[in-house]
Structures are given as structure tokens and as C-alpha cells.
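Worth saying up front: this structure is predicted, and the values here are computed from it rather than measured. Position 1 is the first residue of the sequence, and the numbers go up from there. All values below come from the heavy atoms of this structure, side chains included, with hydrogens, waters and symmetry mates left out.
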Amino acid sequence: MTAHDTSHDASAYETAVARYFEAWNAEGADDVTKAVAAAWSEDGSYTDPLADVSGHASIAAVIGGAHEQFPGFEFRRTGAVDGHHDIARFGWELVSVADGSAPVAGFDVIALAEDGRIRTVHGFLDRVPQA
């Protein structure tokens, strides 16, 4: 096994996660597109139980779909970001701006590219609305 330095400091994880939430909370197609490009590497991907996409346009489309399904909601981080090497994890909720309810919650694991942007997201849904 060859050792090599793939570590990031805590601020790299915090910055990547902040950009991630900026993308999920951006309003309007142009702002979402710009925020996705700032958050994800060119070949970045997003996978959760409802989506498995790669590339900025596809990730922006998933975010747009969430905005259509949950108008008036924003994504908020819950708890601290925990990371090592190029991997970080964090919890989140989808919160109603109007009443503070949070019908959706989850946990994401991200891998960072060398430039500090997100290379992959693996999302898990812990709480979803009843059908």
C-alpha cells in the first residue's frame, strides 16, 4: 500500500458543503446553473434513491425538480460536517420557509475533487412525506 496525501483541512469540507447548499437553494435556472458549476467538478455526479445523474446540466435539472416539488422550501444543514481524506458527510433537512416544518431529511456523503469542488454525492433519505 502506497501512502499519499489526499487530506483536506476542515475548511475545505465546510466550503464544499456551503457551495452545495448554495446550489440547492439557488433560485432561477441561471442561478442554479452557476451555483452547480461552482459546487461540482465538470464530471461531478449526484446519486440518491430518486436520481442518478452526472454533469452540471443533469444535476441542475434534479435541483430544479426539487424546487418544483417543494416550492417555498429551502435546504438546511443539520449538525456538523465530518470529513477525512477527500470524503465528508453531513445531515440536512428540507424546511418550509413559511412554517418551519421539515417533511424531508437526509444524510449525504461527498467526495471532493482536487480543486475542492464536489466530485460525487451519495445521498440518503431518512425522512420523506407519506404518500
Original post:
Nearest heavy-atom pair of Ile87 and Ala111: which atoms, and what distance?
Top reply: CD1-CB, 3.7 Å
**OP:** Starting at CZ of Arg19, measure out to CD of Glu14 and round the result to the nearest 0.5 Å.
**Re:** 12.5 Å
Subject >> Beyond-backbone contact of Phe73 with Val104, side-chain heavy atoms, under 4.5 angstrom >> reply: no
Original post:
How many angstroms lie between atom OG of Ser41 and atom CG of Leu112, to the nearest 0.5 angstrom?
Top reply: 9.5 Å
Subject >> Non-hydrogen atoms of Ser58 and Val53 that approach each other most closely >> reply: CB-CB, 3.6 Å
Original post:
When hydrophobic residues are tied together by side-chain contacts of less than 4.5 Å, even through go-betweens, does Ile59 share a cluster with Phe70?
Top reply: yes
**OP:** Decide yes or no for Thr120 and Thr47: does some side-chain heavy atom of the first lie under 4.5 Å from some side-chain heavy atom of the second?
**Re:** no
Subject >> Backbone of Phe75 reached by a side-chain donor or acceptor of Asn25 within 3.5 Å >> reply: yes
**OP:** Please round to the nearest 0.5 Å and tell me the distance separating atom CZ of Arg89 and atom NE2 of His122.
**Re:** 15.0 Å
Subject >> Contact summary for Thr78 and Trp92, nearest pair of heavy atoms >> reply: OG1-N, 3.3 Å
Original post:
How many angstroms lie between atom CD1 of Ile63 and atom CG of Asp31, to the nearest 0.5 angstrom?
Top reply: 12.0 Å
Original post:
Between Gly123 and Pro49, what is the shortest heavy-atom contact and its length?
Top reply: O-CD, 3.5 Å
**OP:** Rounded to the nearest 0.5 Å, what's the gap from CD1 on Ile118 to CG on Asp86? Could you check?
**Re:** 12.0 Å
Original post:
Between the side chain of Arg119 and the main-chain N/O of Glu114, is any donor-acceptor distance below 3.5 Å?
Top reply: no
Original post:
Under the 3.5 angstrom rule, does the side chain of His56 hit a backbone N or O of Asp43 as a donor-acceptor pair?
Top reply: no
Original post:
Once the angle between the rings of Trp40 and Tyr46 is folded into 0 to 90°, is it parallel (under 30°), tilted (30 to 60°) or perpendicular (over 60°)?
Top reply: perpendicular
Original post:
Is a side-chain donor or acceptor of Arg127 paired with a backbone partner of Ala102 at a separation under 3.5 angstrom?
Top reply: yes
Original post:
According to a 4.5 Å side-chain heavy-atom criterion applied to Ile, Leu, Val, Met, Phe, Trp and Tyr, with indirect links allowed, do Leu125 and Val95 form part of one hydrophobic cluster?
Top reply: no
Subject >> For Ala88 against Val81, the heavy-atom pair lying closest together >> reply: CB-CG1, 4.0 Å
Original post:
Taking the side chain as C-beta and beyond, is there a heavy-atom pair between Tyr13 and Ile110 under 4.5 Å?
Top reply: no
**OP:** Give a yes or no answer on whether the side chain of Arg77 reaches the backbone of Gly79 with a donor-acceptor pair at less than 3.5 Å.
**Re:** yes
Subject >> Gap between atom CZ of Phe124 and atom CG of Asp108 - 0.5 Å precision >> reply: 8.5 Å
**OP:** Report yes or no: do Leu94 and Trp24 belong to one cluster of Ile/Leu/Val/Met/Phe/Trp/Tyr joined by side chain heavy-atom distances under 4.5 Å?
**Re:** yes
